[in-house]
**Student:** 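Mind looking over this structure? Questions follow.
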Amino acid sequence: MESALLRQQMLKHTIERALSNFKKNGRENQTPVKVQARISALQTAWQQFQDGHVAVASLTSDDLKATTAYFQEDHISLVEGTYLATFEFMSDRLAQLTTRDTPNTSASDTSTRSDQHAKSRPSLPPIELPPFTATRDRRYTTLLRDTQPQIGLRRVPLLRREKVQVREKSTRTPEIIQRAQDMILEDPGTSLRKLASVLGVSETIVRRIAQEDLRYASYVLKVRQMLSEAAKLKRFARCHLILCSLKHEAAGRIRFFSDEKIFTVDAKVNRRNDRWLAHNLEDVPVVGKTKFPASVHVLSVVSSEGDVMPPHFFQKGERITKEVYLEVLKRVIKPWMETTASGRPYLFQQDGAPAHTSHLVQNWLSDNVDMFWSKDFWPPNSPDLNPLDYYVWGVIERQTNKCRQPNVNSLRAAIESEFATIKHDQLKSACSRFRARIEQVIEAEGGYIE
């Protein structure tokens with residue numbers, strides 16, 4: 001019943017606001033079609049309110065009706081009065097617009113309609129108006145009534161008609177459209193406000209030119225990993241190798257993806273999407289940033305089945321050399337992969353970091369893991385191909401860095417907690433997109449895919 005009452009409240013608000021919204025639209029912007037559409041929307045809202053009232057009344061007992069504000073205040077009668085007043089106002093406006101747009105009729109037709117209208121009126125007694133004389137000075141009109149002298153002199157202020165500023169009508173001429181096109185082609189980053197200033201038209205006109213005439217849309221600039229032509233060629237070739245491996249020797253194997261990331265204690269803010277609801281700008285909190293924030297270096301591994309290895313934290317200031325990385329492989333990564341795989345064939349992936357591609361690490365992996373992609377397989381500059389990069393780190397950081405962490409220990413605890421609660425079905429779905437992304441890179445000939 002609460003949802004039904006909430007819907008009634010929303011419909012009540014819609015009907016109550018219909019008249020004010022209609023007036024705000026302005027008489028100069030009203031056409032018979034637009035007014036008829038407003039009337040139809042009002043009728044629909046009123047019909048829905050009536051249907052909802054029947055439903056609410058059937059769901060509410062007599063005892064509950066006595067304590068519910070909806071029934072105590074008789075909302076159905078209040079809304080009906082508002083609806084009738086709004087409907088009458090809109091109907092009168094529609095009649096005015098229709099009469100204005102209708103061509104003049106002959107005098108005979110007019111007299112015939114007048115006679116018919118007069119016959120339909122009820123017979124009313126004649127009204128005798130008291131005689132009066134009127135003189136007008138600069139500010140007032142004085143009405144001198146001969147009858148009812150006890151009323152005396154009445155002074156009625158004149159209603160002065162205010163001057164209405166008529167905005168000069170700007171049209172989207174072919175010349176203005178062509179100038180806008182030339183300026184956009186010269187500098188696509190030019191703002192609409194600057195275009196409007198140079199062209200001498202309003203910003204609304206420029207927006208319509210860009211969207212409706214030139215069919216442009218405004219997009220956010222993309223910030224991606226730098227890809228040189230040589231990197232694109234190598235990325236293209238290595239994606240072919242990985243796709244071939246997925247079709248043959250790696251087919252049917254569990255895939256383990258690994259990656260590292262540095263988390264800081266500062267809050268992470270998305271300047272485009274993060275907003276704060278407040279009445280005043282002063283109520284919006286300031287997100288502070290430190291020059292050299294404390295941080296932790298994290299390594300993690302996920303599987304194509306949705307499994308997540310608990311995060312491994314490197315020591316503060318520890319340099320990730322080939323010896324340090326090999327020790328983590330031996331003590332942390334391999335035991336977890338063996339336990340997760342439970343005897344099933346698997347594949348291990350790592351990126352092209354210097355510690356990963358060293359002969360020491362490559363030889364150990366060749367002798368001690370079931371299968372891995374060597375340093376000649378993984379494409380360079382390809383965070384868009386690793387599920388940890390394009391999914392996991394974003395999910396974790398969105399929660400751990402929603403606000404500033406007081407210290408490193410608090411940050412580590414938050415990271416561990418988020419890794420423990422990550423949704424395995426969504427992670428599995430993200431990993432399943434790996435092959436599709438490889439194919440997209442091949443289709444883009446090593447270029448960007450997002």
Side-chain angles (χ1 to χ4, degrees), residues 225 227-260 299-309 322 325-326 328-330 332-392 424-450:
Q225 186 80 24
L227 285 177
S228 62
E229 290 301 320
K232 289 182 181 179
L233 291 175
K234 186 178 289 187
R235 194 166 127 100
F236 178 65
R238 293 191 176 182
C239 281
H240 267 294
L241 289 177
I242 291 180
L243 184 60
C244 184
S245 175
L246 291 173
K247 292 179 180 179
H248 297 92
E249 62 269 17
R253 292 175 177 267
I254 301 176
R255 294 187 292 274
F256 291 104
F257 299 93
S258 66
D259 196 30
E260 302 166 21
L299 179 145
S300 185
V301 180
V302 298
S303 80
S304 56
E305 299 294 320
D307 303 294
V308 185
M309 186 187 83
K322 55 185 178 182
Y325 181 66
L326 180 59
V328 174
L329 281 173
K330 292 178 179 179
V332 181
I333 297 179
K334 185 192 174 182
W336 181 81
M337 289 193 303
E338 296 284 351
T339 303
T340 304
S342 301
R344 293 174 294 174
Y346 65 87
L347 165 71
F348 177 63
Q349 174 275 337
Q350 58 182 5
D351 59 24
H356 303 173
T357 58
S358 64
H359 290 294
L360 178 66
V361 172
Q362 293 285 305
N363 293 336
W364 185 88
L365 288 172
S366 180
D367 296 335
N368 292 275
V369 299
D370 192 19
M371 179 182 174
F372 79 105
W373 281 325
S374 67
K375 62 180 182 179
D376 298 324
F377 266 78
W378 190 252
N381 304 324
S382 299
D384 51 357
L385 298 179
N386 192 326
L388 281 150
D389 275 310
Y390 65 74
Y391 176 73
V392 175
H424 297 277
D425 56 339
Q426 294 183 6
L427 175 58
K428 184 177 180 179
S429 176
C431 292
S432 67
R433 299 196 295 269
F434 171 70
R435 176 167 173 168
R437 285 174 171 259
I438 292 290
E439 293 171 345
Q440 290 175 14
V441 172
I442 295 174
E443 184 178 354
E445 297 183 351
Y448 299 106
I449 62 172
E450 58 180 19

**Student:** Over 60° means perpendicular and under 30° means parallel, so classify the ring planes of Trp373 and Phe377, tilted if in between.
**Tutor:**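 Rings of Phe377 and Trp373: parallel, under 30°.
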**Student:** What residue among Asp351, Asp259, Val302, Val392 forms side chain to side chain contact (heavy atoms under 4.5 Å, CB included) with Asn386?
**Tutor:**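 Among Asp351, Asp259, Val302, Val392, the one meeting side chain to side chain contact (heavy atoms under 4.5 Å, CB included) with Asn386 is Asp259.
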**Student:** Test Tyr390 against Arg437 for side-chain contact (heavy atoms from CB on, under 4.5 Å), laying out the working first.
**Tutor:** CA-CA 11 Å; Tyr390 65 74; Arg437 285 174 171 259; 3.5 Å; yes
**Student:** Do Leu326 and Lys330 come within less than 4.5 Å of each other through their side chains, counting heavy atoms only?
**Tutor:**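 Yes; the side chains approach each other to less than 4.5 Å.
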**Student:** Considering only heavy atoms from C-beta outward, does the side chain of Lys322 approach that of Gln362 to under 4.5 Å?
**Tutor:**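 SC-SC contact between Lys322 and Gln362 ruled out.
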**Student:** Flag the pair Gln440 / Asp384 as yes when at least one side-chain heavy-atom distance between them is below 4.5 Å, and no otherwise.
**Tutor:**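 Gln440 vs Asp384: side chains apart.
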**Student:** Who passes salt bridge (charged side-chain N to carboxylate O under 4.0 Å, His left out) against Glu443, sequence neighbours left out?
**Tutor:**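 Applying salt bridge (charged side-chain N to carboxylate O under 4.0 Å, His left out) to Glu443 gives none.
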**Student:** Please name the pair of heavy atoms, one in Ser300 and one in Val308, separated by the smallest distance, quoted to 0.1 Å.
**Tutor:**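 Heavy atoms only, the tightest pair is OG-CG1, 4.4 Å.
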**Student:** Which label fits Tyr346 and Phe256: parallel for a plane angle under 30°, tilted from 30 to 60°, or perpendicular past 60°?
**Tutor:**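 Taking Phe256 first and then Tyr346, their aromatic rings stand perpendicular (interplane angle over 60°).
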**Student:** What heavy-atom pair brings Pro379 and Cys239 nearest, and what distance separates the two atoms?
**Tutor:**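 Looking at all heavy atoms of both residues, the closest pair is CG-SG, 3.8 Å.
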**Student:** Between the main-chain N or O of Trp364 and the side-chain N or O of Ser366, is there a donor-acceptor pair closer than 3.5 Å?
**Tutor:**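 Here the side-chain-to-backbone pair does not exist.
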**Student:** To the nearest 0.5 Å, tell me how far Leu347 CG sits from Leu246 CG.
**Tutor:**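 If we round to the nearest 0.5 Å, Leu347:CG and Leu246:CG are 8.0 Å apart.
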**Student:** Could you tell me which non-hydrogen atom of Tyr448 sits nearest to which non-hydrogen atom of Leu227, and how far apart they are?
**Tutor:**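 That would be OH-N, 3.3 Å.
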**Student:** Between Leu427 and Gly306, which heavy-atom pair has the shortest distance, and what is it?
**Tutor:**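 Heavy atoms of Leu427 and Gly306 come nearest at CD2-O, 3.6 Å.
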**Student:** What distance separates Leu385 CG from Gln349 CD, expressed to the nearest 0.5 Å?
**Tutor:**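 Going from the CG atom of Leu385 to the CD atom of Gln349 covers 9.0 Å.
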**Student:** Rounded at 0.5 Å granularity, tell me how far OG1 in Thr339 sits from CE in Met309.
**Tutor:**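 Taking OG1 in Thr339 and CE in Met309, the distance rounds to 12.0 Å.
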**Student:** To the nearest 0.5 Å, what is the distance between OH on Tyr391 and CZ on Arg433?
**Tutor:**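 Interatomic distance, Tyr391 OH to Arg433 CZ, rounded to 0.5 Å: 8.0 Å.
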**Student:** Work out which heavy atom in Ser258 is nearest to a heavy atom in Val301; give both atom names and the distance.
**Tutor:**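 What the structure gives for the nearest pair is CB-CG2, 3.9 Å.
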**Student:** Would one find more than 12 heavy atoms of other residues, nucleotides or ligands at under 6.0 Å from atom NZ of Lys428?
**Tutor:**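 At most 12 heavy atoms, drawn from other residues, nucleotides or ligands, come within 6.0 Å of this atom.
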**Student:** Within a reach of under 6.0 Å around CD of Glu445, are more than 12 heavy atoms found that belong to other residues, nucleotides or ligands?
**Tutor:**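 Atom CD in Glu445 is not packed in, count stays at 12 or less.
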**Student:** Which pair of heavy atoms, one from Ser245 and one from Met371, lies closest together, and at what distance?
**Tutor:**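 Between these two residues, the closest heavy atoms are OG-CE, 3.8 Å.
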**Student:** Would you say the side chains of Glu260 and Tyr325 form a donor-acceptor pair under 3.5 Å?
**Tutor:**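 There is no such pair (donor and acceptor under 3.5 Å, judged by atom type) between the side chains of Glu260 and Tyr325.
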**Student:** Closer than 3.5 angstrom, by distance alone: can the side chain of Thr340 be matched with the main-chain N or O of Met337 as a donor-acceptor pair?
**Tutor:**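 Between the backbone of Met337 and the side chain of Thr340 there is no qualifying donor-acceptor contact (under 3.5 Å).
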**Student:** Please confirm whether Arg255 makes a cation-pi placement over Phe434, using NZ or CZ under 6.0 Å from the six-membered ring centre and within 45° of the ring normal.
**Tutor:**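 Geometry flag: not set, cation outside 6.0 Å or 45°.
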**Student:** So does Pro380 get a backbone contact from the side chain of Arg235, meaning a donor-acceptor N/O pair under 3.5 Å?
**Tutor:**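 Such a contact is absent between Arg235 side chain and Pro380 backbone.
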**Student:** Starting at CG of Leu243, measure out to CD1 of Ile442 and round the result to the nearest 0.5 Å.
**Tutor:**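 Those atoms lie 4.5 Å apart.
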**Student:** Do Ile333 and Leu299 have side-chain heavy atoms sitting under 4.5 Å apart?
**Tutor:**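 Touching, per the 4.5 Å side-chain cut-off.
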**Student:** Say you draw a straight line from OG of Ser382 to CD1 of Ile438; how long is it, rounded to the nearest 0.5 Å?
**Tutor:**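 So the OG of Ser382 and the CD1 of Ile438 are separated by 7.5 Å.
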